[in-house]
> 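Okay, handing you the structure first.
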Amino acid sequence: MVGVPRAIASWRARRSVSPAWTITAALILGIMLLPVVTIAILALTPTDNIWPHLVSTVLPRALHQTVLLLIGVGLLTLAIGTATAWFVTMYRFPGRTLIDRLLVIPLAMPTYIVAYCYGDLLDYAGPVQSWLRAVFGWTSVRDYWFPEIRSLGGGVLVLSLVLYPYVYLTARASFVQQSVCVLEVARTLGRTALGTFWSVALPLARPALAAGVALALMECLNDIGAVQYLGIETLTVSVYTTWLQRSNLGGAAQLATVMLLFVAALFAAERLARGRGRFHHTTGRYRSIPFSDVEGWRGYLAAAICTLPFIFGFLVPFAVLIRPTIRFGLEADLAGFWKTAGNSVMLSVLAALLAVSCALVMAYAQRVASNRFTRPAVQMAGLGYAVPGTVLALGLLIPLARLDNAVDALAREWLGISTGLLLSGSIVAIVLAYTIRFLAVSLGSVEAGLQRISPNLDAAARTLGQSSLQALWRVHMPLLVPALGAGGLLVFVDSMKELPATLLLRPFNFETLATEVYNYAALEQFEMAAPGALTIVAVGLIPVLLLHRAVAGGRAGGSSGA
């Protein structure tokens, strides 16, 4: 037994001097940071200095709309997610277990699809207003008042109905893990149930709530389909219009830097909201949560109230999609639908494979060659999730186009042929954008899987003459199959829903389900895109339910019955 500790010490001593893994991790990190570096260079060296024009015209309204949207969505998601998570965790009422699962399902709905559904439902020509006019005899819009869905307030409501599960999941996990003893002590000191929530449970859950709200706001900042359809001129929309409609790349890059500053501000605000306090359990014993029973009509009322976010965030949009899908399903262009669906699946599979491969290399490099570079490199590689899709597209297109031009010039000079746009004009750019944006998703899964593998296995493989690469292939890979599969599935689903990067980087005459839905909605023919939208939603349901099971399935130290 003396040889095992020596073998481990010898392996740890040798693993820090492996340059290949560090170099590979550096190359991957360079690719991940390429869009941000490109945006910074473009913003600092524009062809035409239109920054004064942007500051005086475009930027004020975009900043105003973006800030108001983020504040509204942040407050509403915080209120809905926290309230429902606390009630589901601490109270027992009819249908509680089912409602717990239903509350996370809206996360499967892309924001732009929900916006299109509510626009179709609540517009002047939609079924709701048409029914009201028929019932009350109104003949024109001047005869009555109806809330405008295509407005900033409508955008706050629509985005919050989709994004609140981020807060719900983090809050639910925090409440489930909190010490029952602490809550009971507060009650014995005279605190009411509401007082215990405000003075004890909520402060303990503050880090989790801050993380959930930050995720929701990053998704809100990334959105382009919903806000553009609802008439909200955010920074994302401004980047898109400045680039494509005004043909000003430098101006779009300068606006993109402002978006990156917003991302940095969200990170800082999230850290500040967490505070410096650290809370942990001092005992290994856990007790089941003592539910408070809500019986009779109050129980059914509680169930109805907790179900409202699911109804308006998923059920209503789902019903809007079902109606035209059944009506136009037989008339739809099935060949075109399957081609578009095939494009989405192909891109998502390629992105999942590439993201999982990069995550595996980065995480394993941190394990076998842990040094002052690989550790922060792994953390920085996952920051792409916070970069909006429009910024990624803008930051990738320029360097890829220049590389294409360089290759084409060499081919013309040496071979007398033109290679054309090999990267920037193909699906390579889209797959790379997906990989950069969703690498963090797969990286978290792979890191968690590697942490469950004992270092003794690495040491045993090395003492048997295996290199670090051979140990990865023969020892770690078979054990990492579940983690790799989970990470790949999450990247696949996120890629199926991604709209901004796809919209800006797709080749000519190349459509995915997301871009097809966007195009039909822009033409006010959303009913024709319902089958594609329904497909995206159906695919997104699987990982959402798996995520709920992982987050709220139990508490440390034993089953909670939560």
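All values below come from the heavy atoms of this structure, side chains included, with hydrogens, waters and symmetry mates left out.
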> Quick one, L260 and V387 - any side-chain contact, counting heavy atoms below 4.5 Å?
yes

> Would you call E219-R437 a salt bridge at under 4.0 Å N-O?
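Looking at E219 and R437, the cut-off is met.
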
> Do any N or O atoms from the side chain of T38 and from the backbone of G395 form a donor-acceptor pair under 3.5 angstrom?
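Yes.
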
> Is a side-chain donor-acceptor pair under 3.5 Å present for E498 with T502?
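Distance-only check fails for T502 and E498.
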
> Are the side chain of N519 and the backbone N or O of T515 linked by a donor-acceptor pair below 3.5 Å?
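Checking the backbone N and O of T515 against the side chain of N519, a donor-acceptor pair under 3.5 Å is found.
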
> Is the backbone of S140 close enough, under 3.5 Å, to the side chain of D143 for a donor and an acceptor to pair up by distance?
yes

> Taking the six-membered ring for Trp, are Y229 and Y116 closer than 6.0 Å centroid to centroid?
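Distance test on ring centres: under 6.0 Å, yes.
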
> Could you verify whether a donor N or O on one side chain and an acceptor N or O on the other, from N343 and T512, lie under 3.5 Å apart?
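Per modelled atom types, N343 and T512 side chains form no pair under 3.5 Å.
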
> The criterion is side chain to side chain donor-acceptor pair (under 3.5 Å); which residues satisfy it with Q228, sequence neighbours excluded?
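So Q228 forms a side chain to side chain donor-acceptor pair (under 3.5 Å) with Y518.
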
> Quick check against the 3.5 Å criterion: does T241 have a side-chain atom that pairs as donor or acceptor with the backbone of S238?
yes

> Among L217, V114, I232, T111, find the residue that satisfies the side chain to side chain contact (heavy atoms under 4.5 Å, CB included) test when tested with L159.
T111

> Could you check whether Y118 and F312 have their ring centres less than 6.0 Å apart?
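No.
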
> Under 4.0 Å between a Lys/Arg side-chain N and an Asp/Glu carboxylate O for D100 and R172?
yes

> Kindly compute the distance separating CZ (F262) from OG1 (T257), expressed to the nearest 0.5 Å.
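Rounded to the nearest 0.5 Å, the CZ-OG1 separation comes to 11.5 Å.
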
> When rounded to the nearest 0.5 angstrom, what distance separates CG in L499 from CG in L504?
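One gets 8.5 Å once the value is rounded to the nearest 0.5 Å.
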
> Can any side-chain N or O of Y166 pair as donor or acceptor with the backbone N or O of A214 at less than 3.5 Å?
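Here the side-chain-to-backbone pair does not exist.
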
> Any donor-acceptor pair under 3.5 Å linking the side chain of R61 with the backbone of T57?
no

> Verify side chain to side chain contact (heavy atoms under 4.5 Å, CB included) between T236 and N222, making sure each step is shown before the conclusion.
CA-CA 7 Å; T236 304; N222 175 66; over 6 Å; no

> Where does the angle between the aromatic ring planes of F438 and Y434 fall among parallel (under 30°), tilted (30 to 60°) and perpendicular (over 60°)?
tilted

> Any sub-3.5 Å donor-acceptor pair from D223's side-chain atoms to A226's backbone N or O?
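Side chain of D223 to backbone of A226: a pair is present.
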
> Side chains of C220 and L69: closer than 4.5 Å at any heavy-atom pair?
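Touching, per the 4.5 Å side-chain cut-off.
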
> Is the backbone N or O of V345 less than 3.5 Å from a side-chain atom of S348, with the two atoms forming a donor-acceptor pair by type?
no

> For the residue pair R133 and Y124, would you count it as a cation-pi contact if the rule is NZ or CZ under 6.0 angstrom from the ring centre and within 45 degrees of the ring axis?
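Positive - R133 is close enough to the ring of Y124 and near enough to its axis.
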
> Using a 4.5 Å cut-off on heavy atoms from C-beta on, say whether the side chain of R101 contacts that of T97.
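Side chain of T97 against side chain of R101, heavy atoms only: contact under 4.5 Å found.
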
> Counting N and O atoms only, with roles assigned by atom type, does the side chain of S442 sit under 3.5 Å from a partner on the main chain of L439, one being a donor and the other an acceptor?
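Between the backbone of L439 and the side chain of S442 there is a qualifying donor-acceptor contact (under 3.5 Å).
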
> Quick one: does any side-chain atom of T77 pair with a main-chain N or O of V213 as donor and acceptor, under 3.5 Å?
no

> Decide if atom CZ of F318 counts as having more than 12 heavy atoms of other residues, nucleotides or ligands within a radius under 6.0 Å.
no

